[in-house]
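Beneath this line is the structure, given in structure tokens, with notes to follow.
Atoms within each ligand, like the ligands themselves, are counted from 1 in listed order. Values reported hereafter were calculated over all heavy atoms of this structure, with side chains retained and with hydrogens, waters and symmetry mates removed.
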Amino acid sequence: MNQYDFIIVGSGIAGLYTALLAKEQGSVLIITKGSIDDCNTKYAQGGIAAAIGKNDSPELHYRDTIAAGDGLCDEEAVRILVDEAPGRITDLVNFGVPFDTLNGKIALTMEAAHSVPRILHAGGDATGEHIEVTLSRKVRASRIQVLEDCLATEILVERGSVSGIRALDCRTSSVEEFSCRSLILATGGAGQLYKFSTNSEIATGDGVALAYSTGAELIDMEFFQFHPTALRLPGVTPFLISEAVRGEGGILRNVEGHHFMPDYASEGDLAPRDVVARSIVYEMKKTGSDRVFIDATHLPSSVTTTRFPHIYRFCLDHGIDITKGLVPVAPAAHYMMGGIKTNTWGETNIAGLFAVGETACTGVHGANRLASNSMIEVLVFGNRIMERIAEGAETEEPTVNRGVEVNYTLSQRQAPKKISAPSLSTLQKLHWDRVGIIRDRESLSQAADTLAAWQQSLPQPADRPSYELSNLILCGRLVTEAALIREESRGAHFRADCPYSSSQWQRHIVLSKG
Ligand SMILES: Cc1cc2nc3c(=O)[nH]c(=O)nc-3n(C[C@H](O)[C@H](O)[C@H](O)COP(=O)(O)OP(=O)(O)OC[C@H]3O[C@@H](n4cnc5c(N)ncnc54)[C@H](O)[C@@H]3O)c2cc1C
């Protein structure tokens with residue numbers, strides 16, 4: 001069995017950045033299930049948040065993050081995030097990420113629920129692509145070993161500590177085992193759970209499923225962020241229309257042309273994502289339409305085309321000139337706030353197992369992620385994993401405590417009847433319809449029963465699609481059960497049958513195999 005100091009699963013910003021730091025401390029293997037650049041990171045448009053502007057401060061960034069998180073942010077983790085963010089931006093600049101500049105300084109833009117312009121961007125609206133390509137070039141030029149088309153299928157544990165990983169070579173279908181001192185899961189999110197999603201096809205919750213199956217604790221799984229504005233055109237994937245379009249002055253109109261956001265929130269079009277997403281759902285219901293529109297026609301066309309070249313081109317290719325016409329949009333699943341529970345050093349409750357990026361839950365997002373806080377979270381906590389390991393201070397029996405927590409295991413459910421395994425699209429439709437932007441006890445209970453029955457009906461996975469389906473069903477069960485347990489509405493979790501926040505629920509739901 002090949003032995004490494006570090007095995008990192010995933011090659012988005014989390015995997016690549018952490019690998020570049022890890023190589024200074026030992027041998028590194030990256031396992032990734034597609035090609036190195038298959039990930040969500042390369043689709044990130046708006047940018048990356050850090051308090052580097054003249055009128056900004058870590059304190060302001062802290063306040064905005066806490067406000068968006070709706071009572072569930074881990075205050076210590078947020079403090080670390082905002083204080084360490086500027087230093088991590090310097091790392092990216094040193095790695096060669098070409099951030100856009102204005103008058104010789106890094107340009108900053110505004111996004112929803114940020115109180116000042118704080119978002120760095122590259123290539124206008126191609127920030128993620130520039131970061132991914134810059135980091136993957138660095139990795140390829142280094143001695144880091146990368147195995148593409150290699151799917152992690154099981155975490156290996158010996159005497160309570162992680163000892164390695166089992167993986168499927170998707171090209172040859174052979175199974176291999178690799179051993180390591182530290183295993184870092186950087187597997188991204190689970191947006192493929194939903195029929196309408198901005199996420200790439202890799203986002204199938206593999207890290208969450210692998211960690212849960214190994215006994216790791218998961219937290220905040222009920223909080224799934226829906227982006228308010230993804231392009232809604234028949235037969236076209238829900239391409240993201242960045243919040244930054246509204247940050248630059250774009251406004252939302254319903255099909256009747258009414259500018260509706262001021263009716264719902266004092267912040268208008270720049271209200272937090274959950275508020276805008278729900279307002280759009282209400283407007284669509286009210287007007288009997290499956291879409292609303294972003295109007296950017298009043299902005300100088302030179303601003304639109306230079307700030308959003310990617311969005312401009314994508315819409316033009318689909319017959320819409322956004323400088324002259326309205327862009328049809330609707331909400332889509334976007335970001336998994338919950339995930340593998342980590343402390344502020346990226347440690348999980350299993351010795352030797354770390355998690356970073358969208359698969360991890362460090363506690364900085366609470367019930368609702370502030371726009372552009374996810375890539376910066378990756379850098380801050382990826383760096384802290386490697387600092388911890390460098391100090392030789394890894395915890396032997398990590399306990400990860402996030403304030404007031406309640407612990408559950410997945411409840412047993414009676415399969416209603418013999419049921420056959422679903423297709424991916426059936427699963428996605430169920431989740432969209434029953435575990436979506438607005439849920440209630442009945443819809444969630446039905447989904448929970450169906451998911452449990454589907455899980456029982458699955459044959460042993462043998463290839464990438466069947467492993468991914470199995471992981472998504474497990475992940476779906478975790479999201480649905482947590483959403484059932486939380487009998488209130490908070491942040492991205494909205495229950496029509498209990499539409500208000502309750503102080504009793506200012507606590508976290510932790511799920512583990514027990
Ligand atoms: C359209 C879009 C726009 C966004 N815009 C922004 C933005 O402007 N700012 C911001 O901060 N955030 C943004 N986000 C969120 C942000 O991009 C992601 O949260 C972040 O990039 C996640 O990085 P990651 O490395 O954790 O995951 P990813 O980039 O998704 O990478 C996950 C990696 O893990 C691999 N993998 C998964 N499972 C396995 C397995 N079993 N075996 C082997 N490999 C596996 C995948 O192939 C992939 O390489 C956006 C997201 C989307 C989808």
Side-chain angles (χ1 to χ4, degrees), residues 7-19 30-50 85 109 111 119-122 125-129 131-132 135-136 146-155 165-170 184-192 197-211 225 227 229-231 237-244 247 310-311 332-337 339-340 355-360 365 369-379 381-382 461 464 467-468 470-471:
I7 295 180
I8 296 173
V9 186
S11 58
I13 182 174
L16 297 177
Y17 175 77
T18 313
I30 294 180
I31 287 175
T32 192
K33 66 181 174 182
S35 72
I36 194 167
D37 291 332
D38 285 349
C39 58
N40 266 352
T41 299
K42 73 172 179 202
Y43 298 105
Q45 297 176 347
I48 182 160
T109 192
E111 271 187 359
I119 318 300
L120 295 84
H121 43 89
D125 54 0
T127 313
E129 194 178 326
I131 292 175
E132 179 68 22
L135 297 184
S136 66
V146 181
L147 280 183
E148 295 180 305
D149 294 307
C150 186
L151 179 86
T153 57
E154 190 182 336
I155 296 172
I165 191 105
R166 181 170 293 138
L168 177 76
D169 181 328
C170 301
I184 302 169
L185 294 177
T187 46
Q192 284 300 321
S197 169
T198 62
N199 284 200
S200 89
E201 60 183 23
I202 60 91
T204 54
D206 297 10
V208 161
L210 286 167
Q225 185 169 73
H227 198 287
T229 55
L231 189 65
T237 50
F239 177 80
L240 187 76
I241 307 296
S242 169
E243 216 132 33
H310 203 52
I311 296 174
H334 187 57
Y335 185 85
M336 180 174 77
M337 256 87 65
I340 306 164
V356 62
E358 194 165 334
T359 194
H365 306 306
R369 175 179 70 107
L370 185 65
S372 288
N373 258 358
S374 67
M375 291 198 290
I376 195 66
E377 177 202 28
V378 165
L379 304 180
F381 291 93
R464 178 172 160 181
Y467 273 106
E468 290 181 333
S470 163
N471 291 337

Best match, [options]: closest heavy atom to [atom]:
atom	options	value
atom 17 (O) of ligand 1	Ala190, Ala152, Ala44, Ala244	Ala44
atom 36 (N) of ligand 1	Glu132, Lys33, Gln225	Lys33
atom 18 (C) of ligand 1	Glu358, Met375, Glu201	Glu358
atom 52 (C) of ligand 1	Glu468, Gln45, His334	His334
atom 38 (N) of ligand 1	Leu210, Asp206, Ile165, Val208	Asp206

Open item on the list: Using modelled atom types and a 3.5 Å cut-off, is there a donor and acceptor pairing between side-chain atoms of Gln45 and backbone atoms of Thr127?
Closed with: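 Not a single qualifying donor-acceptor pair exists.
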Open item on the list: Donor-acceptor check, side chain of Asn471 to backbone of Asp206, threshold 3.5 angstrom: yes or no?
Closed with: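 Side chain of Asn471 to backbone of Asp206: no pair is present.
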Protein heavy-atom partner closest to [atom] - residue, atom, separation in Å:
atom	answer
atom 29 (O) of ligand 1	Thr41 OG1, 2.5 Å
atom 10 (C) of ligand 1	Ser374 OG, 3.3 Å
atom 34 (O) of ligand 1	Gly10 CA, 3.2 Å

Considering only heavy atoms, does [X] approach ligand 1 within less than 4.0 Å through its side chain, its backbone, both, or neither?
X	answer
Tyr467	neither
Arg369	side chain
Cys150	backbone

Need the ligand 1 atom indices (1-based, order shown) with element for anything under 4.0 Å from a heavy-atom of [X].
X	result
Gly12	25 (O), 29 (O), 31 (O), 33 (C), 49 (O)
Tyr335	19 (O)
Gly46	8 (O)
Asp38	46 (C), 47 (O), 48 (C), 49 (O)
Gly357	26 (O)

Applying a strict 4.0 Å limit to heavy atoms, is [X] in contact with ligand 1?
X	answer
Ala186	yes
Ile48	no
Leu151	yes
Ala203	no

With respect to [X], determine whether any N or O atom, backbone or side chain, lies less than 3.5 Å from an N or O atom of ligand 1.
X	value
Thr32	yes
Ala14	yes
Tyr43	no
Gly47	yes

Open item on the list: With a 4.0 Å cut-off on N to O distance, would you call Lys42 and Glu132 a salt bridge?
Closed with: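 No, no charged N to carboxylate O under 4.0 Å.
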Open item on the list: With a 4.0 Å cut-off on N to O distance, would you call Lys33 and Glu468 a salt bridge?
Closed with: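 Judged by the 4.0 Å cut-off on N to carboxylate O distance, Lys33 and Glu468 do form a salt bridge.
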Open item on the list: Give me the atom names and distance for the closest heavy-atom approach of Gly15 to Ile8.
Closed with: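 Nearest pair, atom of Gly15 first, then Ile8: CA-CG2, 3.6 Å.
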- [ ] Would you name the heavy atoms of Leu379 and Tyr17 that are closest together and state the gap between them?
- [x]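 Looks like O-CE2, 3.3 Å.
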- [ ] Answer yes or no: is there a side-chain heavy-atom contact under 4.5 Å between Ile31 and Ile7?
- [x]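 In contact.
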Open item on the list: Do Ile13 and Leu135 make a side-chain contact, defined as non-hydrogen atoms from C-beta onward lying under 4.5 Å apart?
Closed with: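 Ile13 vs Leu135: side chains touch.
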Open item on the list: Could you tell me if His310 and Glu129 have a donor-acceptor pair between their side chains, going purely by distance under 3.5 Å?
Closed with: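 Short answer, no.
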TODO: Could you pull out all residues at least two apart from His334 that satisfy ring pair (Phe, Tyr, Trp, His ring centres under 6.0 Å)?
DONE: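 With sequence neighbours excluded, His334 shows a ring pair (Phe, Tyr, Trp, His ring centres under 6.0 Å) to His227, given in chain and number order.
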Open item on the list: If the condition is side-chain contact (heavy atoms from CB on, under 4.5 Å), which residues does Ala333 pass it with, not counting sequence neighbours?
Closed with: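 Counting only residues at least two positions away or on another chain, Ala333 forms a side-chain contact (heavy atoms from CB on, under 4.5 Å) with Tyr194, Ser197, Phe224, Phe226.
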